[in-house]
Amino acid sequence: MTTPPFPTDALAAAERLAWLAAEIARHNALYHDNDAPEISDAEFDALVRENNTIEAAFPHLVRADSPSRAVGSTPSGPLAKVTHAKAMLSLDNAFADEDVAEFVERIRRFLRLADDVPVAMTAEPKIDGLSCSIRYENGRLVQAATRGDGQVGEDVTPNVLTIADIPHRLPAGAPDLFEVRGEVYMAKADFRALNARLLAEAPDPEKARQFANPRNAAAGSLRQKDAAVTAARPLRFLAHGWGEVSALPADSQYGVMRAIAGWGLPVSDALVLVDGVAAMLAHYRAIEAERADLPFDIDGVVYKVDRLDLQERLGFVARAPRWAIAHKFPAEQAQTTLRAIDTQVGRTGKITPVARLEPVTVGGVVVTNATLHNADEIERLGVRPGDRVVVQRAGDVIPQIVANLTREEPRAPWHFPTQCAECGSALAREEGEVDWRCTGGLICPAQRVERLRHFVSRHALDIEGLGLTHIEAFFRDGLIHSPADIYRLHERREALIARERWAETSVDNLIRAIDARRTPPLDRLLFALGIRHVGEVTARDLARRYSTWEALTAMIDAARARRAELVQAVGETDEKFRARTAKELAAIVETAGVGPEVAQALVDFFDEPHNQEVLADLLAQVTIEPVIHQTRASEVSGKTVVFTGSLETMSRDEAKAQAEALGAKTAGSVSSKTDLVVAGPGAGSKLKKAAELGIRVIDEAEWQVIVAAAG
Ligand code: IVH
């Protein structure tokens, strides 16, 4: 972002303020409603700061819709609205040490305190999550709401009830009415695991939902219509204050927070009492030093006047209390030199440009690579090898280059490669797509390794003991080139035993594990082939519709013949033509839920001679097991079953497979479409939902009776 020069006349100031109001409102909506910010917090803060500085210089120009008068954004999602009994306000920010000194000075002036009268403050980390107000009446949790615009938030009561950190009851002695306020957040490690799970479970990995950072993941997980989704997300809570209360257990901020902790609610262990600016800054530095090692993201330190009578006297200005301030950390950034721009090739050929950097420490972590996302991003930044750049670690995501400090021209131009660095094939970019792709398909070694890794992965052929690093090493050393080679590894037994860290037993175990996968079910094999847009769900739909490999390929051959005919007749193969024909191909596929994109991808895949060779080779090694839609008639045939809680005699996957073998559909959450819920110990919100909807609930033993009855 480039900031224009500070406006010197009222006209320029008014224009800039109008632009800032609209822009800040837009980013607020992206952040709060869509959980999809386009700019970093630091950039957002810079916009707000610019707005406030201009307003300070031109106070008569402060707009009715000025961002300095609003908090967050009005919620527009589908959840019910809750009017807060006490507004949920925001905090003013301090960036420099002087801002903190000024904050304390302002308080002293306001309260007319003599210089020698201490003003004790609490200091605690500012958690990067979303704030939530949890209302307890007579010791019971009765309502939970998000902040929303500060006055009206969203009802997230069922969702909050699934968060393990949050007690449903307060112990005897707690006030009759008490609203605990705090931050719902996701730990960094949980965020990483969640993204990995979303990727693994996505029907089409290319379209898998991935959260940009833990804050968005927390927001997206809390603000769910179906609390069962929230229950499956690892959310946590940290209290930092209160709203409406019938009584307070202490007369200081610190004292009340200790009482809240005593009631079983999580309160930061880094909450301390500090006195004087020097002590405040020392605590800030201490927390900043620990920042990178903390299990969750924080973006600053919050100071609050400890005495509640003083808080009362200080009151609020517009959107924030006078008695508190957030001392923000600078975004974790550093400058370094861009050594080179390399490209990485994904399984489907997607090219990701990667910045190779002069090693630099960013927020406690040595960074040597950063993503440049795509060609447009390189253009936007105007970066070339040799440039000085600013790298940023935002949340827990892959480091990014946020700015280019080199502006001298002319510099040697840098062009996005036209050929794949791994195989030399041409790169192509489809109309409307941002990504370039390697057209080499299976002749591209990078794509081959990625595809082999996918082939053996857990949800594909699931070959135990053949981890990702083995695939890479075996490929490099010429032991495997294609999926069929995996099934011929037993012919290389001696060569394998001779390898470092391998021995007779481990090699024999591997060979046994491979043999155990010589009769893959059609759906797994289809998914394992790594055809674009054919994720697990699509593979299963296709396998169920066609049952056998022969029937499936007969359909694909018919689709290929039809496209060849159309190409002949029209003589075109451009993107528009492809999009038009894809619709016709989808009609041939005849499988519910399989659209033009998938139909086209299937035809493209099977049209490719390399793929045909690889497939023929593979088919000589395996016997594909047909998928029979409905094997055994049973009382659950055609019904929808949900498994919840822990199962004792089998895994969740096995239970689902049993249900499917009985012709039932399985679902992850309870809805009006659910016919039966099988609940094990620990079942929570799904069980509750089932009860609400009057759905039949059975336990694992009863389930086994149904399975046995089907014979
Ligand atoms: S106190 C009236 N303390 O930051 C004061 N807020 O930028 C209410 N936040 O809306 C806020 N950690 O969502 C407070 N230790 C902390 C916090 C904290 C994170 C969030 C909160 C607030 C926002 C303001």
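Ligands are counted one by one from 1 in listed order, and the atoms in each one are counted from 1 as well. Because only heavy atoms are used, hydrogens play no part in the values below, and waters and symmetry mates are left out as well, while side chains stay in.
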- [ ] Check ligand 1 against V302 and write out every atom of the ligand that is under 4.0 Å from a heavy-atom position of the residue.
- [x] 3 (N), 15 (N), 16 (C), 17 (C)

Task: Greater than 12 external heavy atoms within 6.0 Å of D275's CG - done: yes

Open item on the list: Checking a contact table here: which protein heavy atom is nearest atom 8 (C) of ligand 1, and how many Å away?
Closed with: L89 O, 4.0 Å

Task: N or O pair under 3.5 Å between R147 and ligand 1 - done: yes

Task: Any N/O pair P125/ligand 1 closer than 3.5 Å - done: yes

Task: Main-chain N/O of D293 paired with K188 side-chain donor or acceptor, under 3.5 Å - done: no

Task: Polar atom proximity, I127 to ligand 1 (N or O, under 3.5 Å) - done: yes

Open item on the list: When you measure from the side chain of K304 to the backbone of Y254, do you find a donor-acceptor pair of N or O atoms at a distance under 3.5 Å?
Closed with: no

Open item on the list: Closer than 4.0 Å to some heavy atom of E183 - which atoms of ligand 1 meet that?
Closed with: 9 (N), 13 (O), 19 (C), 20 (C), 21 (C)

TODO: Answer with yes or no after comparing the ring centroid distance for F178 and W263 against a 6.0 Å cut-off, counting only values under it.
DONE: yes

Task: Option set L91, V267, I298, criterion heavy-atom distance to atom 5 (C) of ligand 1, minimum - done: L91

Task: Per-atom contacts, ligand 1 versus E124 - under 4.0 Å to a heavy atom - done: 15 (N)

Task: Pick from K328, K304, K126: the one approaching atom 3 (N) of ligand 1 most closely through a non-hydrogen atom - done: K304

- [ ] Quick one: do D176 and S246 satisfy side-chain hydrogen bond (donor to acceptor under 3.5 Å, both in side chains)? Show the steps, please.
- [x] CA-CA 6 Å; D176 296 344; S246 57; 5.1 Å; no

- [ ] May I ask whether M88 has any heavy atom positioned less than 4.0 angstrom from an atom of ligand 1?
- [x] no

- [ ] Would you please say whether a donor-acceptor pair under 3.5 Å links the side chains of Q400 and Q392?
- [x] no

TODO: Evaluate the ring planes of F329 and Y284, with Trp represented by its six-membered ring, and classify them as parallel (under 30°), tilted (30 to 60°) or perpendicular (over 60°).
DONE: tilted

- [ ] Please report which non-hydrogen protein atom sits nearest to atom 2 (C) of ligand 1, along with the residue it belongs to and the distance in Å to one decimal place.
- [x] P321 CG, 3.6 Å

Task: Nearest neighbour in protein (non-hydrogen) for atom 18 (C) of ligand 1 - done: H240 NE2, 3.4 Å

TODO: Indicate yes or no for a side-chain donor-acceptor contact from R236 to the backbone of V184 under 3.5 Å, with no hydrogens or angles considered.
DONE: no

